[in-house]
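Working notes, beginning with the structure itself.
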Amino acid sequence: MPAAKTLERVATEAVPALRQVSAVQKAPQGHWVGDGFPVRTIFSYDNAAPVSPFLLMDYAGPYQFAAAEQRRGVGEHPHRGFETVTIVYSGEVDHRDSGGGGGRIGPGDVQWMTAGSGLVHEEMHSWDYTRHGGPFEAIQLWVNLPKRLKMTPPRYQTLLAADIPQIELPGGAGSARVIAGEFKGARGLAQTFTPVALIEFHLNAGHGTIVPVPTGHNALLFVIRGNVKVNGRIEAKPAEFVQFGDSGEAFQIEADTDAVLMVLSGEPIREPVFGYGPFVMNTEDEIRTAISDYRSGKMGHLR
């Protein structure tokens, strides 16, 4: 059968019960966030059913910036009630926030910012990247926090590319970077408040892998580069994401071309989601409080 033939090309692994694909979201139209991030919003809690615990994914680029004298990006703005995760593939981003967090991330680096009870921050191109220009590509995720943790103190984590665990896949299939969660004995460095896995796969053409998903967790697959087949028959192309059903232990990916993919999975937060702009809480009253706190300066300001 065709599916069995496809699975034979995956490095020798036992094939568990596969999760069925529930949807493939095509690449959306783009828009600008500030003047530094040409993004396509791959999914968002405010225009589709949230894929808990993930609220939003923006994919920036690929884009070629010319050299400039003024830094581009997004100036001071607030957040409350969730975390932002930024992964850079090309270019450089400088971050600083009112909670005292900050740093620079470049190719392969990850920034994991817990907004929690509230802060303001800015995300700008670094001065060096601004003056030289060049390609830019990045992903930003919003990860929800449960009600009991939405007012947790802000926190900032920088995960440098050199420190992120990377493993080689069997049979020359490629490699995987474990940013959060666990895969094949490698554990990501990101500290998370609820069970979340974020794994980046680099697959060689004609090879594949099987990705386990814990029982009860939601799972998504985002294609950054290349063309792949999921479970032997569902095609996915660059800037498309694949959503899976609830039953099954794993899903299978096979690369038709060299491919870079991001797999997201996590324990769903089964609570109401009420958001307004940069704030994501559980109720409208909590949003009104967040707006008031920001306007009154309780989330701080950058100096």
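It should be emphasised that the depicted structure is a prediction, and the values quoted were computed from it without experimental measurement.
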Walk me through it: do D258 and R225 pass the test salt bridge (charged side-chain N to carboxylate O under 4.0 Å, His left out)?
CA-CA 8 Å; D258 288 352; R225 283 188 283 280; over 6 Å; no
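- Contact check for N282 versus V273: no side-chain heavy atoms found under the 4.5 Å cut-off.
- Salt-bridge formation is not detected for the pair D58/R40: no Lys NZ or Arg NE/NH1/NH2 atom is positioned less than 4.0 Å from an Asp or Glu carboxylate oxygen.
- Distance alone, capped at 3.5 Å, is enough to place a donor-acceptor pair between the Q157 side chain and the Q191 backbone.
- Close placement of the F244 and F251 rings is indicated, their centers lying within 6.0 Å of each other.
- The nearest pair of heavy atoms linking R72 to G36 is CB-CA, 3.8 Å.
- Applying the ring-ring contact (aromatic ring centres under 6.0 Å, His included) test to H77 and every residue at least two apart in sequence or in another chain returns H79, H121.
- By the 6.0 Å contact criterion, CG on D246 is open, its count of non-hydrogen atoms from other residues, nucleotides or ligands being 12 or less.
- Qualifying ring-ring contact (aromatic ring centres under 6.0 Å, His included) partners for F193, counting only residues two or more places apart in sequence or in other chains: none.
- Here CD of E271 is found 7.5 Å from CG of N144. Values are rounded to the nearest 0.5 Å.
- Residues E200 and H202 bring a donor and an acceptor atom of their side chains to less than 3.5 Å of each other.
- By the 30° and 60° cut-offs, the orientation of the rings of Y294 relative to H301 is tilted.
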Given F37 and Y59, is the ring-ring contact (aromatic ring centres under 6.0 Å, His included) satisfied, shown in steps?
CA-CA 9 Å; F37 305 102; Y59 177 46; over 10 Å; no
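- Residues satisfying the side chain to side chain donor-acceptor pair (under 3.5 Å) criterion with E182, sequence neighbours excluded, are R187.
- The shortest heavy-atom contact between T192 and A180 is CG2-CB, 4.3 Å.
- Taken from NE2 in H125 to CG in D128, the straight-line distance is 13.0 Å, to the nearest 0.5 Å.
- Not a single donor-acceptor pair under 3.5 Å links the side chain of T152 to the backbone N or O of L149.
- S292 contributes no side-chain N or O that, together with a main-chain N or O of R288, makes up a donor-acceptor pair within less than 3.5 Å.
- In this model, no donor atom of one side chain and acceptor atom of the other lie less than 3.5 Å apart for D94 and S126.
- The main-chain N or O of V120 is found under 3.5 Å from a side-chain atom of S98 such that the two form a donor-acceptor pair.
- Using cut-offs of 30° and 60° for the angle between ring planes, the F65 and W32 rings count as perpendicular.
- Counting all heavy atoms, side chain and backbone alike, A115 lies closest to P154 at O-CG, 3.6 Å.
- T130 pairs in a side-chain contact (heavy atoms from CB on, under 4.5 Å) with only one of the listed residues (E69, Q70, R71, M124), which is R71.
- For the residue pair T114 and E83, a side-chain donor N or O sits within less than 3.5 Å of a side-chain acceptor on the partner.
- Closest heavy-atom contact between P28 and T41: CG-O, 3.4 Å.
- The closest side-chain donor-acceptor pair between E123 and Q140 falls under 3.5 angstrom.
- The aromatic ring centres of F222 and F54 sit 6.0 Å or more apart.
- Contact detail for G208 and A173: the closest heavy-atom pair is O-CB, 3.5 Å.
- Within a 6.0 Å sphere centred on NE2 of H31, other residues, nucleotides and ligands contribute more than 12 heavy atoms.
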Just do the salt bridge (charged side-chain N to carboxylate O under 4.0 Å, His left out) check on E122 and R96 with the steps written out, would you?
CA-CA 6 Å; E122 67 175 15; R96 63 189 184 109; 2.8 Å; yes
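- Within the 3.5 Å criterion, the main-chain N or O of L203 finds no donor-acceptor partner in the side chain of H207.
- The two residues R177 and I87 have their closest heavy-atom pair at NH2-CG2, 4.3 Å.
- Judged purely by distance below 3.5 Å, without hydrogens or angles, the side chains of Y276 and E286 never pair a donor atom with an acceptor atom.
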